[in-house]
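Working notes, beginning with the structure itself.
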There are 4 protein chains.
Amino acid sequence: MSGNQKPARRDAAATQRRILDAALSEFATQGHGGARVDRIAEAAGVSKPMIYSYFGDKEELYKAALKESYVQIRQGERAIDTDHMSPEDAIRELVTFTMHHFISKPWFTSMLNTENLRKGVTVQEIDDLNDIQSPLISQLGEILDRGVAEGRFRPGVDPTELYITIASLCFFPVSNKYTLRVVFNVPIDDAWLKRRAEDAGRMVLCFLRPEPDAGSG
Amino acid sequence: MSGNQKPARRDAAATQRRILDAALSEFATQGHGGARVDRIAEAAGVSKPMIYSYFGDKEELYKAALKESYVQIRQGERAIDTDHMSPEDAIRELVTFTMHHFISKPWFTSMLNTENLRKGVTVQEIDDLNDIQSPLISQLGEILDRGVAEGRFRPGVDPTELYITIASLCFFPVSNKYTLRVVFNVPIDDAWLKRRAEDAGRMVLCFLRPEPDAGSG
Amino acid sequence: MSGNQKPARRDAAATQRRILDAALSEFATQGHGGARVDRIAEAAGVSKPMIYSYFGDKEELYKAALKESYVQIRQGERAIDTDHMSPEDAIRELVTFTMHHFISKPWFTSMLNTENLRKGVTVQEIDDLNDIQSPLISQLGEILDRGVAEGRFRPGVDPTELYITIASLCFFPVSNKYTLRVVFNVPIDDAWLKRRAEDAGRMVLCFLRPEPDAGSG
Amino acid sequence: MSGNQKPARRDAAATQRRILDAALSEFATQGHGGARVDRIAEAAGVSKPMIYSYFGDKEELYKAALKESYVQIRQGERAIDTDHMSPEDAIRELVTFTMHHFISKPWFTSMLNTENLRKGVTVQEIDDLNDIQSPLISQLGEILDRGVAEGRFRPGVDPTELYITIASLCFFPVSNKYTLRVVFNVPIDDAWLKRRAEDAGRMVLCFLRPEPDAGSG
DNA sequence: TATGAATGAGTCTTCATTCAT
DNA sequence: TATGAATGAAGACTCATTCAT
């Protein structure tokens with residue numbers, strides 16, 4: 001009845017959150033150079049001075065948004081419980097999950113692109129990023145170890161490299177869907193990407209499989 | 001009477017080229033929002049009005065640069081002659097070549113990123129892009145057909161999808177090397193990427209191999 | 001029931017003082033246009049609303065600081081007891097004192113400069129300023145009278161003008177020391193200024209001395 | 001007939017001059033912190049980007065204005081020909097001139113005040129300032145030498161110090177006229193300042209005169 | 001053809017000031 | 001009394017674009 005109720009005011013933490021969310025969205029959709037502080041302020045429902053008071057300047061805000069994108073990614077990644085799965089299923093699950101991740105959180109791939117366009121100037125200044133991703137790598141390492149122990153995977157595969165492989169296969173079609181559509185006339189939609197994830201899983205497993213010749217030799 | 005005609009006649013084409021090269025470099029390194037017309041003019045060694053007179057406005061210049069990046073890419077791709085290779089070698093060669101391509105022409109991946117950040121607004125307006133890439137796809141198709149005929153590859157693989165797979169494996173570590181370095185502490189250099197290309201080739205071939213079970217069934 | 005009353009009662013006066021001191025320092029070092037309310041609040045150890053509640057706005061605070069600078073100056077000036085000195089010694093003492101005054105209270109010359117840059121807009125609105133300086137003028141008047149009576153000074157010298165002369169000789173090298181150093185390569189330090197004060201005293205006394213010709217005529 | 005004719009456009013040198021004049025006026029009347037680039041642009045009849053294009057930023061513009069104030073001062077000072085005057089008349093002339101100088105070019109005293117409020121941060125970065133003032137000092141030196149040779153002045157007076165003395169006596173009442181008016185109720189106008197200059201001349205000459213005792217001893 | 005000169009419309013950032021508790 | 005939270009208005013500076021020659 002009382003009409004549009006403004007989001008809670010006079011709540012520093014909440015305000016900072018709103019700014020951060022708005023910033024992440026703006027930087028992800030517009031890039032670093034194209035992002036506008038005005039738009040962030042408006043989207044967050046605050047005045048511009050708030051942004052400067054809480055985050056310093058545009059660059060610092062960008063840094064916070066970049067870090068936030070990693071933090072949010074991590075929160076999603078922790079959710080998968082692969083312990084009770086077979087090594088193959090675990091890998092398939094991780095590939096599916098990664099693809100879904102990139103699709104459902106488009107600001108993440110965008111932030112990666114934006115930051116790499118800038119040659120990683122900012123990412124270098126963020127601490128703890130290593131920590132943020134390490135649980136995922138550990139999880140992969142465990143799956144690999146298990147697979148090797150069970151004779152399903154060949155040994156000597158580095159979990160980080162494996163992750164980069166999985167990410168590669170999922171990242172490219174999601175991140176570049178707009179140009180791919182035009183250049184190759186491919187209707188990149190969720191169904192297409194789902195098939196892609198399946199193929200990717202197959203490819204990764206094929207790559208992990210022990211050499212058949214070795215066994216028969 | 002016709003006054004000083006120091007500047008060579010027919011400079012028009014050369015001037016346009018210099019502008020285009022400078023624009024490609026600027027857009028690729030700075031992104032669409034971060035690119036500066038001033039810098040392009042200076043790098044091209046022309047005055048700003050020249051740019052406007054030749055290209056209209058910044059957006060049109062960007063479009064020309066984007067198209068140019070595809071044109072230059074195509075010129076490189078035409079060079080590989082895979083006809084005399086075995087299907088496997090041909091695939092390996094294409095993977096190696098693609099990786100080398102992305103590494104040696106960083107403006108291409110950058111332009112892809114930039115344009116996809118913009119949701120492909122501009123790429124849609126460029127005609128002929130399909131033509132530009134189609135020779136590559138045809139080439140891949142021929143290799144696939146040959147491999148299937150020789151019983152080395154399984155049938156039913158779409159050449160476009162195969163290209164996307166190859167591109168995926170090469171694109172991600174090149175395009176995201178700055179963030180990868182920081183986040184995973186991986187020293188992504190040419191040697192690392194070369195190993196990557198080898199793994200990628202192995203993976204793709206593994207994916208193309210006919211089902212062993214099918215043969216034994 | 002009355003809750004936590006940690007902050008001492010009757011802090012009001014002390015708080016106002018701290019604000020005033022901080023303001024004086026800020027306005028003197030930064031000028032009117034360069035002064036920042038934030039800095040004053042921080043230096044005073046209070047929140048900004050306190051300043052506004054006590055002083056109204058920045059302009060009023062500036063007015064208070066300007067007046068305060070005159071008040072503090074007066075307090076210093078009252079301290080000199082010249083009654084028991086010879087008229088010459090009294091003048092010398094006043095010159096020395098004035099120079100020392102300007103040196104040791106740099107905010108005073110700064111406030112004068114600041115206010116005169118503003119064409120005295122604010123000083124006009126302060127009452128009682130005349131009273132503040134009058135004791136000094138009276139004192140000078142007495143010294144002059146005594147000197148004339150004793151035949152050491154010529155008559156007809158206006159004490160206000162004499163004060164302006166003394167102030168002139170002391171003010172310029174102190175107030176403009178930074179530019180003088182650079183423009184004339186003069187190492188203006190305390191020793192240099194002390195010599196200056198001695199010369200100034202000599203000059204003033206020379207100016208006050210009865211015309212030798214007149215006596216001999 | 002053709003109405004208000006705008007000042008010459010498309011003339012870089014003239015535009016720079018207009019900006020510099022406007023800047024000098026603005027900085028002198030508003031101080032460094034109070035000066036507004038907008039106002040300078042408007043007063044100069046140009047758009048703001050012109051200012052930035054020609055002078056870099058506000059600080060550089062301030063530097064140019066400060067230097068300009070010294071340059072203009074020097075141009076005035078070169079005009080006095082004291083060679084044909086008696087040493088006493090030459091000194092009197094210089095004092096009169098200096099006073100007139102400060103009165104008729106109020107931006108000079110204002111710039112001195114402004115810059116000294118800033119502790120000379122900028123003046124240090126200007127080269128050649130020494131050169132600018134040195135002709136005046138040389139001139140004073142010659143007058144002193146001549147006076148000493150003619151037995152009218154005592155030896156050992158440093159020309160720079162003498163200039164500082166003259167400047168002191170003229171600067172203070174001009175620069176601080178607004179506060180002096182209020183604090184001492186003195187009607188500081190041109191007539192008053194003229195009398196001041198005469199007194200100042202008398203004082204300086206008295207200071208330069210050889211010790212009578214020395215002569216009689 | 002070519003360009004130095006010029007600018008309207010932003011874009012980031014700051015500051016005096018007020019609100020809500 | 002006291003202050004953390006908040007902002008309208010303005011300030012310095014930039015940028016794509018056009019004008020005049």
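Below, chains carry the letters A, B, ... as their sequence lines are ordered, and counting in each starts from 1. Predicted, not measured: the structure shown is a model, and the values here were computed from it.
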With sequence neighbours excluded, residues passing side chain to side chain contact (heavy atoms under 4.5 Å, CB included) with [X]:
X: D:Thr179; result: C:Tyr70, C:Leu112, C:Glu115, C:Asn116, C:Val123, D:Asn176
X: B:Arg17; result: B:Leu20, B:Asp21, B:Glu68, B:Gln72
X: A:Ser53; result: A:Met50

Q: Run through D:Lys119, D:Arg118, D:Gln124 and flag the one making a side chain to side chain contact (heavy atoms under 4.5 Å, CB included) with C:Tyr178.
A: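 Among D:Lys119, D:Arg118, D:Gln124, the one meeting side chain to side chain contact (heavy atoms under 4.5 Å, CB included) with C:Tyr178 is D:Lys119.
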Value rounded to 0.5 Å, distance of [atom1] in [X] from [atom2] in [Y]:
X: C:Thr114; Y: D:Leu117; atom1: OG1; atom2: CG; answer: 4.0 Å
X: B:Tyr54; Y: B:Thr15; atom1: OH; atom2: OG1; answer: 5.0 Å
X: D:Ile51; Y: D:Gln16; atom1: CD1; atom2: CD; answer: 11.5 Å

Q: Take atom CD of C:Glu59 as the centre, draw a 6.0 Å sphere, and report whether it contains more than 12 heavy atoms from other residues, nucleotides or ligands.
A: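 Counting neighbours around CD of C:Glu59, more than 12 heavy atoms of other residues, nucleotides or ligands fall under 6.0 Å, so yes.
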Q) By a strict heavy-atom criterion of less than 4.0 Å, which residues belonging to residues 113-122 of chain A are in contact with DNA chain E? A)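 Hits under 4.0 Å, by residue number: none.
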Q. Hey, can you pull the residues of residues 40-49 of chain B with a non-hydrogen atom under 4.0 angstrom from DNA chain E?
A.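 Correct list: B:Ser47, B:Lys48, B:Pro49.
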Any residue in [range] with a heavy atom nearer than 4.0 angstrom to DNA chain F? Just list them by number, or reply none.
range: residues 29-38 of chain B; value: B:Ala35, B:Arg36, B:Val37
range: residues 50-67 of chain B; value: B:Tyr52, B:Asp57, B:Lys58
range: residues 16-27 of chain B; value: none

Q. How does DNA chain E look in dot-bracket notation if pairs are Watson-Crick or G-U with both distances under 3.5 Å, crossing ones as [ ], other-strand ones as |?
A. .||||||||||||||||||||
Q: Kindly indicate whether the side chain of C:Ser69, heavy atoms from C-beta on, has any atom under 4.5 Å from the side chain of C:Trp107.
A: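 Heavy-atom side-chain distance check passes, below 4.5 Å.
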Q: Report the C-alpha distance between B:Lys63 and B:Phe55 in whole Å, list the side-chain angles of each, state the deciding distance to 0.1 Å, and finish with yes or no for side chain to side chain contact (heavy atoms under 4.5 Å, CB included).
A: CA-CA 10 Å; B:Lys63 184 150 104 185; B:Phe55 291 89; over 6 Å; no
Specify the closest pair of heavy atoms between [X] and [Y], including all atoms of both residues, with the distance to one decimal.
X: A:Leu24; Y: A:Ala65; result: CD1-O, 3.6 Å
X: B:Ser110; Y: B:Ala28; result: CB-O, 3.2 Å
X: C:Ala41; Y: C:Ser47; result: CB-C, 4.3 Å
X: B:Ile126; Y: B:Lys67; result: CG2-CD, 3.5 Å

Q: Kindly state each residue pair satisfying salt bridge (charged side-chain N to carboxylate O under 4.0 Å, His left out) with at least one member in residues 49-58 of chain A, sequence neighbours excluded.
A: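 Counting only pairs at least two positions apart or across chains, no salt bridge (charged side-chain N to carboxylate O under 4.0 Å, His left out) contact touches residues 49-58 of chain A.
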Can you give me every donor-acceptor pair (side chain of residues 33-40 of chain C, partner residue at least two apart or in another chain, under 3.5 Å) with its distance?
| residue | atom | partner | partner atom | Å |
| --- | --- | --- | --- | --- |
| C:Arg36 | NH1 | C:Gly33 | O | 3.2 |
| C:Asp38 | OD2 | C:Lys48 | NZ | 3.4 |
| C:Arg39 | NE | C:Glu26 | OE1 | 3.3 |
| C:Arg39 | NE | C:Glu26 | OE2 | 2.7 |
| C:Arg39 | NH2 | C:Glu26 | OE2 | 2.9 |
| C:Arg39 | NH2 | C:Gly34 | O | 3.0 |

Q) Does any pair with a residue in residues 11-37 of chain D pass ring pair (Phe, Tyr, Trp, His ring centres under 6.0 Å), and if so which ones, sequence neighbours excluded? A)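 Sorted result for residues 11-37 of chain D: D:Phe27-D:Tyr62, D:His32-D:Tyr62.
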